[in-house]
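A, B, ... follow the sequence lines: proteins, then strands. Residue 1 opens every chain.
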Number of protein chains: 2
Amino acid sequence: MTDPHSEKHQPPHLDDFLCFALYKAHHAMNRFYKPLLGELGLTYPQYLVLMALWEQDDQSVGQLGELLHLESNTLTPLLKRLESAGLVRRRRTANDERQVQVSLMPEGRELKQKSWDVAACLFETIGMSREEIGTLVEDLNGVTGAVVAGRGR
Amino acid sequence: MTDPHSEKHQPPHLDDFLCFALYKAHHAMNRFYKPLLGELGLTYPQYLVLMALWEQDDQSVGQLGELLHLESNTLTPLLKRLESAGLVRRRRTANDERQVQVSLMPEGRELKQKSWDVAACLFETIGMSREEIGTLVEDLNGVTGAVVAGRGR
DNA sequence: TGCGATTAAATCGTGTGCGATTAAATTTCT
DNA sequence: AGAAATTTAATCGCACACGATTTAATCGCA
């Protein structure tokens, strides 16, 4: 059994754990976005779903789930809320009645512009260059990839 | 209004957003930990609370909340579950009856050893050196700090 | 053709997270 | 000393997140 963080067999501090740093950063991001997105009537996961649709409209629940690493049990109620807010439309596809296709309504498409300010606000707040952010994103994606790949053992 | 991610006013891909990278990495970590911690009868947030107590026993709900960035509305039910599992004890302090002091029970203290393997397993899985992890943790904490500091505006 | 296997969403139950409010104890200030 | 302000947990309601199950549609294969 490998000692994960120190040469000595001495427990590291909580702050040294990668999982805890991720936990905190994710929470901080959540707390930062919440009031800004609240003005748009969105939650953070709803915002991510809309971002996915802005990039590629008309995706199935499964496609969205794969992109966002979410299952239908999470997405279905979330999408129903977006639908009842008039931002997206949910329809079963004609080809395959099992699939539900999610597409943007005009009101949902408009939010793209407003949400731009939110991302810009975060960018200003953290005060990092594009290169630094790019490197950090790559590192995080590397960790994500390794962890996801190493799961089924 | 600053364009956050590109010279051109062209929306970046979802994968370029730091918030999304964090979201994915945090979820990946969660999904990795869940089955391992499940064998110990713990959830991920419960594990973090225990880690905090292993490092410093006998903390108030407020202290734990400050460390983990959680409010009493989240901690109270979580701590009650840890208590009913026999891992911790909750008692109001004699000095100040408002505060609830949380301390480890023997069974909770024992889990420290077992949980060690979980951290070691993650360390092996991501396959990064201590230096790389340390740098990443520092970068993440930097982002967390900047975001938290920039909130009240 | 038709029946079992597979696939895609939806449903259910539990456990976070958090904004808002409440309740009780302590501190402050006159 | 005593009322008002403050502090600390707890409570309530809503929205994820996910394991497990269910339902409905499609596929595959004899």
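Rounded to an integer number of Å, the gap from A:M29 CE to D:dC16 P is 19 Å. Atom CZ in A:F32 sits about 18 Å away from atom C1' in C:dC18, given to the nearest Å. Separating the CD atom of A:E71 from the P atom of D:dT21 is a distance of 15 Å, rounded to the nearest angstrom.
Here B:H27 pairs with nothing under the side chain to side chain donor-acceptor pair (under 3.5 Å) rule; sequence neighbours left out. Applying the salt bridge (charged side-chain N to carboxylate O under 4.0 Å, His left out) criterion to B:E83, with sequence neighbours excluded, gives B:R90. Residues passing the side chain to side chain contact (heavy atoms under 4.5 Å, CB included) test with A:N73, sequence neighbours excluded: A:E71. Partners of B:S129 under the side chain to side chain donor-acceptor pair (under 3.5 Å) rule, at least two apart in sequence or in another chain, are B:E132.
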Please output the side-chain donor-acceptor pairs of residues 39-47 of chain B that fall under 3.5 Å, not counting sequence neighbours, one pair per line with the distance.
unit_1 : atom_1 : unit_2 : atom_2 : d
B:T43  : OG1    : B:Q46  : N      : 3.3
B:Y44  : OH     : A:C19  : O      : 3.0
B:Q46  : OE1    : B:T43  : N      : 3.1

Show the atom names and distances, to 0.1 Å, of all donor-acceptor pairs under 3.5 Å that link a side chain in residues 60-69 of chain B to residues at least two apart or in another chain.
unit_1 : atom_1 : unit_2 : atom_2 : d
B:S60  : OG     : B:G62  : N      : 3.4
B:S60  : OG     : B:Q63  : N      : 3.1
B:S60  : OG     : B:Q63  : OE1    : 3.4
B:Q63  : OE1    : B:S60  : N      : 2.9

Worksheet entry | Dot-bracket summary - DNA chain D, pairs being Watson-Crick or G-U whose distances fall under 3.5 Å, with | when paired to another strand | ||||||||||||||||||||||||||||||
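Panel note: side chain B:W54, backbone B:G108; a donor-acceptor pair is recorded below 3.5 Å.
Under the salt bridge (charged side-chain N to carboxylate O under 4.0 Å, His left out) criterion, the residue pairs touching residues 91-101 of chain B are B:D96-B:R98, with sequence neighbours excluded.
B:E97 comes within 4.0 angstrom of sugar-phosphate atoms only, judged by non-hydrogen atoms across all strands, and of no base.
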Fill in: Under 4.0 Å protein heavy-atom contacts per nucleotide of nucleotides 5-17 of chain C, with B for base, S for backbone only and - for none
--BSBBBB--SBB
